[in-house]
Q: 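One structure, as structure tokens, below. Some questions next.
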Amino acid sequence: MITEGQLCGFSRCRRALPGPGPRGGRPFEFCPERLWPGGRSCKQLARAEEALREALGDDAGVGGLPAAVMVFEGRAAGVLEPLRELVAAVETVRAATGAELRAAAGRADEAQRRAAEEAG
């Protein structure tokens, strides 16, 4: 039977932890070998989760994290469309400026060629 003390302390993992070993010792608090994307351990992610909770002022547990994520996603989505419009405008200006510069360079080259022909 697995008790609460035998589960990984990282809220998104909660896997059963191995026993302390044949020589005894301190029981594991987090998965000893599991790595998450980015090479982070359960212990590292639990510490980051705790720091985020403290930063958000949520002492009641991880219940505030999903709400904070939803707020962030909503605000990020609100910024995305204006950014997309800005990128489109910059691309338009870049293309037009590039075309104008190429045309001006062509005219300058042609003027230099004619000046060289006239000079002899």
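Since we're looking at a predicted model, the values are computed, not measured. One-based numbering along the sequence shown.
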Q: Under 4.5 Å between any side-chain heavy atoms of P18 and P32, yes or no?
A: yes
Q: Does some side-chain heavy atom of P27 sit less than 4.5 Å from a side-chain heavy atom of L17?
A: no
Q: If we only count heavy atoms from C-beta on, is the Q112 to D109 side-chain gap below 4.5 Å?
A: yes
Q: Where do C13 and W36 come nearest, in terms of heavy atoms and distance?
A: CB-CZ2, 3.7 Å
Q: Taking all non-hydrogen atoms of both residues, which atom of Q44 and which atom of G39 are closest, and how far apart?
A: OE1-O, 3.9 Å
Q: Quick check for you: to the nearest 0.5 Å, what is the distance between R114 atom CZ and E118 atom CD?
A: 8.5 Å
Q: Quick check for you: to the nearest 0.5 Å, what is the distance between E81 atom CD and L83 atom CG?
A: 9.5 Å
Q: How long is the straight-line distance from CZ of R15 back to CZ of F10, given to the nearest 0.5 Å?
A: 11.5 Å
Q: What pair of heavy atoms forms the shortest contact from G19 to F28, and how long is it?
A: O-CE1, 3.6 Å
Q: Any salt bridge linking R107 with E110? Criterion: basic side-chain nitrogen under 4.0 Å from a carboxylate oxygen.
A: no
Q: I want to check something: taking the side chain as every heavy atom from C-beta on, are R14 and C8 in contact at a cut-off of under 4.5 Å?
A: no
Q: With sequence neighbours left out, write down each residue that passes side chain to side chain contact (heavy atoms under 4.5 Å, CB included) with E29, or none if nothing qualifies.
A: R47
Q: Check R12, R40, R34 against L45 for a side chain to side chain contact (heavy atoms under 4.5 Å, CB included) and give me the one that passes.
A: R40
Q: So, are R113 and E117 salt-bridged, with charged N and O less than 4.0 Å apart?
A: yes
